[in-house]
Amino acid sequence: METEIRGFDAHTARLAKKYISAGDVVAFHTETVYGLGADARNDDAVRKIFTLKGRPADNPLIVHVHKDYDLSQLIDGEPSYAPALRKAFLPGPLTIVYPSIDKVSRLVSCGGNTLAVRVPSSPIAQEFLRAVNVPIAAPSANLSKHVSPVTAQHVYDDFQGKIPLILDGGACSGGIESTVLDCTEEVPQILRAGLVTREMIASVAGDCGVYQMAAGEKPKSPGIAYKHYSPRCKTALFAPDCIAGALNLYDEEECSGGRAYILCESALISVINGRRMLDLGATGEEMANRLYFLLRDGERDATLIIAIKPKEEGGVMDGVLNRLVRACGGKV
Ligand code: TXA
Ligand code: MG
């Protein structure tokens, strides 16, 4: 199969509609990361997504709809704070988990009684979703465990010859996946941190919890339990005050014939001289925007990426640090 990368126009809309109706999988731009989409009502199409990605069968998918889609077709009720959250943050990088049974293929939510729904703000995603006018189940368009894609080329690198079409909207401005928010209980609870922060949600809903998986518990959002976001080279992560350790490891890697890179915030770039560097930027938004791009870029040349954890915490940094730690195998 040939994989076409196309911008959005009337012809592309017809192609996308044709593929989705036939149960095929189409990749598309969103403001967070690229998605790998199929008709959420079609068991075989949804199964294809899991197979293509090599995704564990117990990790549910997010359903994507355009901004005028009738939500009542997808959910079974909602808490009283949910409409205000939609008004404040949608379309945008917030995924809401609602009570829902049997509205789409059971494979989407892995047989559970909730459904994650997202209304992306990317104009390409909106046009695509409007053209097909069906709920589109879509995980990030990367092979399972690999770094999420933030350009059409990243999608192509993972799925060349395996999907017919990538809807190219350029680089993703957000750069990390949407915030996943459980709205099935009295107080909303963040299952996955992202660009819509706890503070932002609490300011609208009155309160907002953050889910912490207890030891031995079955996770509420299975995706958070898996190894994730990893580049194809070795990685290491150092605490902000362990720069000397990071530089030692860099020199060891170079001495043994490897190619090391240091990934760190802009403030450290001028402190660390004469080494290969990947510049994460200065603010939370900048670091979110650059992180996956740099990991994908770095892995093409590096044998080892050594990350130094940025100092800032809270807000958008919660999402950035969560991805960075997991990209580096989970330990500092
Ligand atoms: O920004 C995004 O959310 C991107 C773009 C393509 O929209 N999508 C994305 O999908 O990141 P994925 O499949 O890579 O991550 C979905 C996350 C997983 O952690 C999954 O466990 C969780 O959402 N999830 C999906 N449905 C859920 C549900 N019903 N209850 C709890 N967690 C759910
Ligand atoms: Mg993913």
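Start at 1 and go down the list; that is how both ligands and their atoms are numbered.
Against a heavy-atom cut-off of under 4.0 Å, L191 is close to the following atoms of ligand 1: 31 (C), 32 (N). Atoms of ligand 1 lying under 4.0 Å from any heavy atom of G35, numbered from 1 in the order shown and given with element: 6 (C). In summary, the atoms of ligand 1 found under 4.0 Å from a heavy atom of S140, numbered by their order in the structure, are 8 (N), 9 (C), 10 (O), 12 (P), 14 (O). Of all atoms in ligand 1, listed by their number and element, those nearer than 4.0 Å to a heavy atom of S178 are 1 (O), 2 (C), 3 (O). Less than 4.0 angstrom separates some heavy atom of E177 from each of these atoms of ligand 1: 1 (O), 2 (C), 11 (O). Close approach to N59 involves these atoms of ligand 1, each under 4.0 Å from a residue heavy atom: 18 (C), 20 (C), 21 (O). Close contacts between ligand 1 and H64 involve ligand atoms 5 (C), 6 (C), 7 (O) [criterion: under 4.0 Å to a heavy atom].
Between the side chains of D158 and H146, a donor-acceptor pair is found at a separation under 3.5 Å. In summary, the side chains of R192 and S178 do present a donor paired with an acceptor at a separation below 3.5 Å, with no hydrogens or angles considered. For the residue pair D168 and H29, no side-chain donor N or O sits within less than 3.5 Å of a side-chain acceptor on the partner. A side-chain donor-acceptor contact under 3.5 Å links R118 and T30.
Polar contact with ligand 1: absent for Y34 (N/O pair, distance under 3.5 Å).
Contacts of D182 with ligand 1, taken as heavy-atom pairs under 4.0 Å, are absent altogether. Proximity of S109 to ligand 1, defined as any heavy-atom pair under 4.0 Å, is not found for any part of the residue.
Residue S140 counts as close to the Mg ion (ligand 2), with an N, O or S atom under 2.8 Å.
Across the listed options K53, R118, R55, R55 owns the non-hydrogen atom lying nearest to atom 13 (O) of ligand 1.
A side-chain donor-acceptor contact under 3.5 Å links Q126 to the backbone of P120. A donor-acceptor pair under 3.5 Å is absent between the side-chain atoms of K145 and the main chain of S230, judged by distance alone. Under the 3.5 Å distance criterion, the side-chain polar atoms of E177 are left unmatched by any main-chain donor or acceptor of S140.
Between G175 and V150, the closest heavy-atom pair is O-CG1, 3.8 Å.
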